[in-house]
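Lettering follows sequence order; numbering is per chain, from 1.
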2 protein chains.
Amino acid sequence: MNHLAALKPLEDTTIRGRTVEQLRRLVVTGELAAGMRLTETELADALGISRGPLREAIRELVDIGLLVSKPYKGLFVREITRKDLEEIYSLRTMLERFAFQEAWEKRTPEALEDLKARNKKLIGSIEAATDPLGPIEAELHLHSWCYELSGHRLLLQSWNRLKPNLQFYFAMHQQAHERKGPKRRSHDLYIRLASGNDLGAMLDHLNDHMRQGLETTIGFIDCA
Amino acid sequence: MNHLAALKPLEDTTIRGRTVEQLRRLVVTGELAAGMRLTETELADALGISRGPLREAIRELVDIGLLVSKPYKGLFVREITRKDLEEIYSLRTMLERFAFQEAWEKRTPEALEDLKARNKKLIGSIEAATDPLGPIEAELHLHSWCYELSGHRLLLQSWNRLKPNLQFYFAMHQQAHERKGPKRRSHDLYIRLASGNDLGAMLDHLNDHMRQGLETTIGFIDCA
DNA sequence: TGCGATTTGTCCGTATGTATT
DNA sequence: TAATACATACGGACAAATCGC
């Protein structure tokens, strides 16, 4: 057993699995514009696969919420309204507060090192400024820390379902504003509190952190 | 436009949609035993459909968590460990507390009547004692009230994803114990607090209610 | 109001890859 | 190792529903 095997998520062996990843990437990066209609035959053709596994992959993305399927009418890239975004953030706040409560007693020196490393990677990604989508991914990876540490598989699964929607909105927002993503020091307090001994302060900060995140990114959406 | 159209959830027009419901029912009622292996060709044959839409329906049930798919190995009905159940209950507690917070200010006299009606239906279903699975469905329908009232679509969706897993476990538990489901007056306090003016008391009660539910139903599972 | 074009939904036959015996 | 069973995937076909003219 190669000890590196645990690091790479074990490349999908099925076309369906790879297609899910491929489509997810195309949507969250904005290469497939929000609201755009997708036709199966075109997609299958472009991806070089047949309609069977493609339709299965589509089902998964519809479940996550990145695609919207209306029977016999068509398949569309999701659009995000202001209310959608508020729902995403409020649910996310609940989940992350819960994750910290579950993870709090499980914090080890190694885990905290891991957290700092993720922040360092985020900062590095911001400073490098090569891939404009890098910081987004790095920030979400930073936030994944508490969910992973909690050991709560159902909670982690919920987060993983929510994550692509956030990623999708961030990329959309960034394109529209032609602006850099997260600021370099935006998570300093987050890290400090997560490493400290005051769970209540951490939970309070999460409310602030999330509200702030919502307010700074909610600008340009049509009210629904 | 018929004004009744909004009442019935509009029977699924696609085989996939109907198959999802059919399979969900077969699983949560225990007609497909936990851990049982399913072969696609048999299933397609038994349901009288082809493998295409069946495989798509399977994807949805795998996402919900009722089925487990191991690539190239097979498809199985999920099994529930003690840890799974604890996770389901702890997440559910979070979601329902959040739902009540969101729904609290939206309670109208009509909404509270609706809640009481759901409880009455639950009691009636228990006393009728015809379909042993009726009370389970009625109880879940009662608990759905706060999610629907909250107007939080993403939250409702999360609940709807969690619900089949609870339903599945309840039916399994009931079969194993040959016992009736919920007691007649189990939700009296729940209803009274939900109709009252002390949100804090309601939230506290949810913790109790859920912990109690977990403890009374956790008996017979293998520790994992 | 129909009619035709397009697309989704569905089915079937077949081939290939994987796991298990 | 060979053989079997089954999941996965492909391609072609047709039916059903929608939309534009």
Side-chain angles (χ1 to χ4, degrees), chain A residues 1-2 5 8-24 26-27 32-79, chain B residues 1-2 5 8-24 26-27 32-79:
Chain A
M1 174 72 78
N2 188 333
K8 37 172 75 180
L10 190 57
E11 177 187 357
D12 269 308
T13 58
T14 67
I15 289 188
R16 174 186 68 246
R18 288 195 297 272
T19 304
V20 168
E21 278 314 298
Q22 222 170 339
L23 280 180
R24 190 191 56 76
L26 287 174
V27 173
L32 296 176
M36 176 182 179
R37 172 166 192 182
L38 305 174
T39 62
E40 290 181 2
T41 47
E42 274 181 28
L43 258 186
D45 195 26
L47 295 171
I49 63 176
S50 67
R51 280 177 67 206
L54 172 61
R55 284 174 61 89
E56 294 179 36
I58 287 174
R59 280 310 123 209
E60 296 199 30
L61 291 166
V62 168
D63 274 359
I64 294 176
L66 290 182
L67 298 180
V68 179
S69 160
K70 305 175 186 175
Y72 289 108
K73 286 193 172 179
L75 181 71
F76 305 86
V77 180
R78 93 162 286 179
E79 295 184 282
Chain B
M1 173 72 77
N2 189 332
K8 34 172 77 178
L10 191 56
E11 176 186 359
D12 268 309
T13 58
T14 68
I15 290 187
R16 174 185 69 245
R18 289 195 297 272
T19 303
V20 168
E21 277 315 296
Q22 221 172 338
L23 281 180
R24 191 191 56 77
L26 287 173
V27 173
L32 296 176
M36 176 183 181
R37 169 162 195 182
L38 305 174
T39 63
E40 289 180 6
T41 48
E42 275 181 27
L43 256 187
D45 195 27
L47 295 172
I49 62 175
S50 66
R51 294 192 298 283
L54 172 62
R55 284 174 63 87
E56 294 177 34
I58 287 174
R59 278 313 122 206
E60 296 198 30
L61 291 166
V62 168
D63 273 1
I64 293 176
L66 290 181
L67 298 180
V68 180
S69 163
K70 304 176 187 177
Y72 290 107
K73 283 193 176 175
L75 182 70
F76 306 87
V77 181
R78 90 163 286 179
E79 296 184 281

Would you mind reporting whether B/Leu38 and B/Leu67 have side-chain heavy atoms less than 4.5 Å apart?
-> yes
Heavy atom of residues 53-73 of chain B under 4.0 Å from DNA chain D: which residues?
-> B/Arg55, B/Pro71, B/Tyr72
Taking only heavy atoms on the protein side, list every residue of residues 34-50 of chain B lying under 4.0 Å from any atom of DNA chain D, sorted numerically.
-> B/Arg37, B/Leu38, B/Thr39, B/Glu40
Sorted by chain and number, sequence neighbours left out, side chain to side chain contact (heavy atoms under 4.5 Å, CB included) with B/Leu47 holds for B/Thr19, B/Gln22, B/Leu23, B/Leu43, B/Ile49, B/Leu54
Just by distance, do the side chain of A/Arg18 and the backbone of A/Asp12 share a donor-acceptor pair under 3.5 Å?
-> yes
Heavy-atom closest contact (B/Pro71 atom, A/Thr13 atom, distance) | CB-OG1, 4.2 Å
Closest non-hydrogen contact found for B/Ala33 with B/Val77 is O-CB, 3.3 Å
side-chain contact (heavy atoms from CB on, under 4.5 Å) partner of A/Ile58, chosen from A/Leu66, A/Leu75, A/Asp63, A/Val20 = A/Leu75
Axis-to-axis angle across the helix from C/dG2-D/dC21 to C/dT21-D/dA2, five pairs an end, to 10 degrees?
-> 20°
Could you name each residue pair satisfying side-chain hydrogen bond (donor to acceptor under 3.5 Å, both in side chains) that touches residues 43-56 of chain A, not counting sequence neighbours?
-> A/Arg16-A/Glu56, A/Glu40-A/Arg51, A/Glu40-A/Arg55, A/Arg55-B/Glu56, A/Glu56-B/Arg55
Please give, in whole Å, the distance from D/dC10 C1' to A/Ile15 CD1?
-> 9 Å
Starting at atom CZ of B/Arg51, determine the distance to atom P of D/dC10, rounded to an integer number of angstrom.
-> 14 Å
Should the pair B/Arg24-B/Glu21 be classified as a salt bridge under the 4.0 Å nitrogen-to-oxygen rule?
-> yes
In Å and rounded to the nearest 0.5 Å, what is the CZ to CZ distance from A/Arg37 to A/Phe76?
-> 5.0 Å
Which pairs count as salt bridge (charged side-chain N to carboxylate O under 4.0 Å, His left out) when at least one residue sits in residues 65-79 of chain A, sequence neighbours excluded?
-> A/Arg78-A/Asp84
Base, sugar-phosphate, or nothing for B/Arg16, non-hydrogen atoms under 4.0 angstrom?
-> sugar-phosphate
